[in-house]
There are 2 protein chains.
Amino acid sequence: MLINQLAHRTGVSTRALRHYDGLGLLSSRRLGNGYRDFAESAVEEVRRIRLLLDIGLGLQAVAQVLPCFDQDGALTACPTARERLRGQIRDLDSSIAELQRTRGLLAGALDDLVDI
Amino acid sequence: MLINQLAHRTGVSTRALRHYDGLGLLSSRRLGNGYRDFAESAVEEVRRIRLLLDIGLGLQAVAQVLPCFDQDGALTACPTARERLRGQIRDLDSSIAELQRTRGLLAGALDDLVDI
DNA sequence: GTAAGGTTTGACATGGGTGTCAAGGTCAAG
DNA sequence: CTTGACCTTGACACCCATGTCAAACCTTAC
């Protein structure tokens with residue numbers, strides 16, 4: 001599929017998709033006219049990239065972790081990547097706890113200790 | 001107190017403190033030699049600034065909200081600021097929920113649905 | 001005097017994913 | 001042929017709190 005269609009199906013801008021593709025993160029080939037031709041699997045790949053970006057990885061790290069997903073989206077092999085993501089989850093938990101603590105402090109300052 | 005001491009007591013770099021002071025966010029005057037002389041209250045002011053930065057405000061927004069804290073650290077007056085911070089808390093809650101959702105997705109990919 | 005360590009201002013760098021614009025190729029429809 | 005919609009690469013802007021470096025002043029200790 002062409003880049004515009006992939007953008008519509010994923011909600012990601014063509015600019016970002018070209019960037020991901022330039023880093024070799026997407027299954028794509030080139031048509032005779034030079035246009036990118038994305039495989040159907042690229043949709044799922046984009047979802048994974050966004051997931052990994054969301055957890056705080058950079059694109060460089062994404063490039064290392066992405067190949068470790070199997071077709072079902074599970075991370076069975078790649079012990080290194082698994083350990084890295086475990087660490088990322090721990091960081092995520094820390095962030096969540098920190099945000100909750102901060103939220104409590106702020107709500108306290110607002111004298112609204114209950115919900116907003 | 002001098003800037004280095006404030007930096008030590010707050011854990012914030014002198015660079016950041018000068019930046020805050022340049023924006024008028026800190027109680028300071030100048031000694032005869034031009035050195036900044038921070039009031040004791042600056043310690044608490046720095047804590048508030050960091051809190052507000054942590055919840056996602058920029059320094060410009062901090063400058064608007066900061067004067068609304070009373071001496072006890074409560075935000076009693078300034079309805080505009082209060083409303084802004086309420087909104088910020090809502091955003092914070094959204095962020096927390098999103099992080100938790102993301103964490104769930106990632107843990108699922110790791111086949112570690114329980115705790116890490 | 002001079003060395004050391006604090007301080008001042010100013011300017012520039014940084015990150016890093018994405019927006020945006022430029023200049024141009026491709027192709028189907030009228 | 002022309003128009004318009006799509007695609008290409010490349011370059012630059014941005015955010016914005018903070019790091020970092022330079023040049024210079026103040027003070028104290030030796």
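Predicted, not measured: the structure shown is a model, and the values here were computed from it. Throughout, a chain's letter reflects where its sequence line sits, starting with A, and its residues are numbered from 1.
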Inset, instruction - Output yes when a side-chain donor or acceptor of B:Asn33 lies under 3.5 Å from a complementary backbone atom of B:Tyr35, and no otherwise. - result: yes

Legend entry - Single-linkage hydrophobic cluster, 4.5 Å side-chain cutoff, A:Leu6 and A:Leu2 together: no

Inset, instruction - Might you point out which heavy atoms bring A:Ser13 and A:Ala7 nearest each other, and give the distance in Å? - result: C-CB, 4.5 Å

Legend entry - Spacing between B:Ile49 atom CD1 and D:dC16 atom P, to the nearest angstrom: 17 Å

Any protein N or O atoms within reach of nucleotides 24-30 of chain D? Criterion: under 3.5 Å, listing atom names and distances.
unit_1 : atom_1 : unit_2  : atom_2 : d
D:dC26 : O2     : B:Tyr35 : OH     : 3.4

Inset, instruction - Spell out, as yes or no, whether a donor-acceptor pair under 3.5 Å connects the side chain of B:Glu45 to the backbone of B:Ser27. - result: yes

Legend entry - Short side-chain to backbone donor-acceptor contact, B:Gln88 and B:Ile55, under 3.5 Å: yes

Inset, instruction - On DNA chain C, reading 5' to 3', which nucleotide is the first and which the last to sit with an atom under 4.0 Å from a heavy atom of chain B, could you check? - result: C:dG6 to C:dA11

Legend entry - Residues A:Glu40 and A:Arg9 bridged, charged N to O under 4.0 Å: yes

Inset, instruction - Write down the atom of B:Ala61, the atom of B:Arg84, and the distance for their closest heavy-atom approach. - result: CB-NH2, 3.7 Å

Legend entry - Under-4.0 Å side-chain N/O to phosphate OP1/OP2 contact, A:Arg36 with D:dT8: yes

Legend entry - d(CG, A:Leu17; P, D:dT9) in whole Å: 13 Å

Inset, instruction - Determine, for B:Asp37 against B:Arg30, whether the closest basic-nitrogen to carboxylate-oxygen distance falls under 4.0 angstrom. - result: no

Inset, instruction - Determine whether the side chains of B:Ser28 and B:Asp21 contain a donor N or O and an acceptor N or O closer than 3.5 Å. - result: yes

Give me the distances for all protein-to-nucleotides 17-20 of chain D N/O pairs that come in under 3.5 Å?
unit_1 : atom_1 : unit_2  : atom_2 : d
D:dA17 : OP1    : B:Leu59 : N      : 2.9
D:dT18 : OP1    : B:Tyr20 : OH     : 3.3
D:dT18 : OP1    : B:Arg50 : NH1    : 3.1
D:dT18 : OP2    : B:Tyr20 : OH     : 2.8
D:dG19 : OP2    : B:Ser13 : OG     : 2.6
D:dG19 : N7     : B:Arg15 : NE     : 3.4
D:dG19 : O6     : B:Arg15 : NH2    : 3.0
D:dT20 : O4     : B:Arg15 : NE     : 2.9

Inset, instruction - Provide the closest heavy-atom pair for A:Leu110 versus B:Arg86 in the form atom of the first, atom of the second, distance. - result: CD1-N, 4.2 Å

